[in-house]
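By convention in this document, chain letters (A, B, ...) are assigned in the order of the sequence lines, proteins followed by strands, and residues within each chain are numbered from 1.
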Number of protein chains: 2
Amino acid sequence: MSIDLKPSQALGLWHAATLAQLELVGPDLTMRQLVILLHIYLKPPPHTVRGLAARLDVTKPVITRALDTMGNMGLVRRVRDERDRRNVIIKRTVEGALFVEKIGDLIIKEAAKLPRDGVTG
Amino acid sequence: MSIDLKPSQALGLWHAATLAQLELVGPDLTMRQLVILLHIYLKPPPHTVRGLAARLDVTKPVITRALDTMGNMGLVRRVRDERDRRNVIIKRTVEGALFVEKIGDLIIKEAAKLPRDGVTG
DNA sequence: GAGTATGAAAACGGGACCGTAACGATTGCG
DNA sequence: CGCAATCGTTACGGTCCCGTTTTCATACTC
């Protein structure tokens, strides 16, 4: 089955999950950085700076800086591509996987807490 | 029925919706500002600076600045409380309501696009 | 081997946000 | 009336992100 959300459910979930996530990760992770992180962990590798920039429609320095930030947090890891040493392959880390998993749990929890849609009573 | 999400569904939805939202609103709206906006439009009024700050666990200047930004965008409106002129009541606007509605549509659309969970497929 | 093309990072200037602290305006109390 | 408390805003110093441009290393082509 696909997921069928009512407007108040969708917005309520979004609000609750965003709020919970802010508490979890703090204000130090931009929406863009979050998207980049999720992309790395949800989409099949390999991931390169150029590829991510094109896929997410941002400039390359945005990716570079996001990798700096998240690399310092231990959420991702950079590895030189030995086939073509100009490329950088972005690798996942155990810490990052746990982090993403935590976000998933959080959304699931918020979804479960959702009240029925007000339209139906 | 409550909403029962599988991990890959939850993260996929989060990723897709965040990405779509970034394209919609641009990088000019912080996650905090978004939470504030949703709170104003989803929770029953009246909303004050102090109330929002306490409820969302941020400092008052964060609310003030968010109201500046979103006020310039026409998404919210400030009105002095005539009962107690120290207070500021945050009012909704037509433009803001449409904006929030758009976000809801976007999430619903992304939820509908979601594939079945990989565990069972 | 020289010259061009490509990938990522660094440099630069500008702008926004953050938390703390200080500031006016308003209220309530004695 | 004077004084403390409350509410929202502004000021300040710092940090981070952004897009553009430049730099550096590597790969490809002739």
Side-chain angles (χ1 to χ4, degrees), chain A residues 18-19 21-40 45-92, chain B residues 18-19 21-40 45-92:
Chain A
T18 305
L19 184 54
Q21 185 161 306
L22 263 177
E23 289 168 4
L24 171 62
V25 315
D28 297 337
L29 214 55
T30 303
M31 241 185 285
R32 280 186 173 180
Q33 294 173 342
L34 187 64
V35 167
I36 293 170
L37 185 71
L38 288 175
H39 191 94
I40 293 169
H47 300 293
T48 66
V49 172
R50 174 165 182 71
L52 286 173
R55 183 69 182 71
L56 304 175
D57 198 31
V58 296
T59 59
K60 284 188 294 178
V62 168
I63 305 291
T64 295
R65 282 186 294 252
L67 294 181
D68 288 344
T69 301
M70 298 190 296
N72 288 337
M73 298 183 190
L75 301 179
V76 296
R77 191 163 48 92
R78 270 189 264 226
V79 178
R80 275 278 164 207
D81 181 358
E82 289 303 331
R83 258 91 166 176
D84 184 341
R85 291 184 53 78
R86 288 174 302 184
N87 290 334
V88 163
I89 308 289
I90 295 102
K91 297 278 195 180
R92 301 167 185 171
Chain B
T18 306
L19 183 54
Q21 186 161 305
L22 263 177
E23 290 168 5
L24 172 63
V25 314
D28 297 338
L29 214 56
T30 303
M31 241 185 285
R32 280 187 174 181
Q33 294 175 341
L34 187 64
V35 168
I36 294 169
L37 184 71
L38 288 175
H39 191 94
I40 293 169
H47 300 293
T48 65
V49 172
R50 172 163 184 72
L52 287 173
R55 184 69 182 71
L56 304 176
D57 197 32
V58 296
T59 60
K60 283 189 295 178
V62 168
I63 305 292
T64 293
R65 283 184 295 251
L67 293 181
D68 288 344
T69 301
M70 298 190 296
N72 288 337
M73 298 183 190
L75 301 179
V76 297
R77 192 164 48 92
R78 271 188 261 227
V79 178
R80 274 276 164 214
D81 181 357
E82 289 304 332
R83 257 90 165 178
D84 184 341
R85 292 183 50 76
R86 289 173 301 183
N87 289 334
V88 163
I89 309 288
I90 295 102
K91 297 279 196 179
R92 302 169 184 169

Q: Is V58(A) touching bases, backbone alone, or none of the nucleic acid, heavy atoms closer than 4.0 Å?
A: nothing
Q: From the set dC18(C), dT26(C), dA8(C), return the single nucleotide nearest to any side-chain atom of V49(A).
A: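 Output: dA8(C).
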Q: Could you tell me the separation between the CG atom of N72(A) and the C1' atom of dA9(C), rounded to a whole number of Å?
A: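 One finds 15 Å between C1' of dA9(C) and CG of N72(A), rounded.
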Q: If I take atom CG in residue D68(A) and atom C1' in nucleotide dA10(C), what distance separates them, rounded to the nearest angstrom?
A: 10 Å
Q: Which part of the nucleic acid, if any, lies within contact of R65(B), taking any heavy atom under 4.0 Å across all strands shown: a base, the sugar-phosphate backbone alone, or nothing?
A: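 Touches a base.
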Q: Whole Å only: how far is the CD1 atom of I36(B) from the C1' atom of dC17(C)?
A: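 Distance check: I36(B) CD1 to dC17(C) C1' gives 12 Å.
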Q: So which heavy atom on I40(A) is nearest to which on H47(A), and how close?
A: O-NE2, 3.2 Å
Q: Side chains of R55(A) and I36(A): closer than 4.5 Å at any heavy-atom pair?
A: no
Q: Say you draw a straight line from CD1 of I90(B) to CG of L52(B); how long is it, rounded to the nearest 0.5 Å?
A: 5.0 Å
Q: For L22(A), give me all partners under side chain to side chain contact (heavy atoms under 4.5 Å, CB included), at least two apart in sequence or on another chain.
A: M31(B), R32(B), V35(B)
Q: Please pick, from dA8(C), dT27(C), dA21(C), the nucleotide with the shortest atom-to-atom distance to any side-chain atom of P61(B).
A: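 Between dA8(C), dT27(C), dA21(C), the one nearest the side chain of P61(B) would be dA21(C).
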Q: Atom CG of L67(B) and atom P of dC17(C): how far apart are they, to the nearest Å?
A: 12 Å
Q: With nearest nucleotides of DNA chain D determined for A66(A) and I63(B) from heavy-atom distances, which residue corresponds to the more 5′ nucleotide?
A: I63(B)
Q: Rounded to whole Å, please give me the gap between CZ in R78(A) and C1' in dA10(C).
A: 12 Å
Q: Between dC17(C) and T69(B), is there an OP1 or OP2 to side-chain N/O distance shorter than 4.0 Å?
A: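 For dC17(C), OP1/OP2 do have a side-chain N/O of T69(B) under 4.0 Å.
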Q: CE of M70(B) versus P of dC17(C): gap in Å, rounded?
A: 10 Å
Q: Go through DNA chain D in 5' to 3' direction and return only the first and the last nucleotide with some atom under 4.0 Å of chain A's heavy atoms.
A: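 Range of nucleotides touched by chain A: dC17(D) to dA27(D).
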Q: Just checking R50(B): does its CZ atom have more than 12 heavy atoms from other residues, nucleotides or ligands closer to it than 6.0 angstrom?
A: no
Q: Partners of R85(B) by salt bridge (Lys or Arg N to Asp or Glu O under 4.0 Å), sequence neighbours excluded?
A: E82(B)
Q: Heavy atoms under 4.0 Å, any strand shown: does E82(A) hit a base, just sugar-phosphate, or nothing?
A: nothing
Q: In whole angstroms, how far is the P atom of dA9(C) from the CG atom of L52(A)?
A: 11 Å
Q: Once you round it to whole Å, what is the distance between P of dG28(C) and CG of D84(B)?
A: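 Checked: the CG to P distance equals 6 Å.
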Q: Assess the residue pair M70(A) and L29(A) against the criterion (side chain to side chain contact (heavy atoms under 4.5 Å, CB included)); give the C-alpha distance rounded to whole Å, side-chain angles, the decisive distance to 0.1 Å, and a yes or no.
A: CA-CA 9 Å; M70(A) 298 190 296; L29(A) 214 55; 4.2 Å; yes
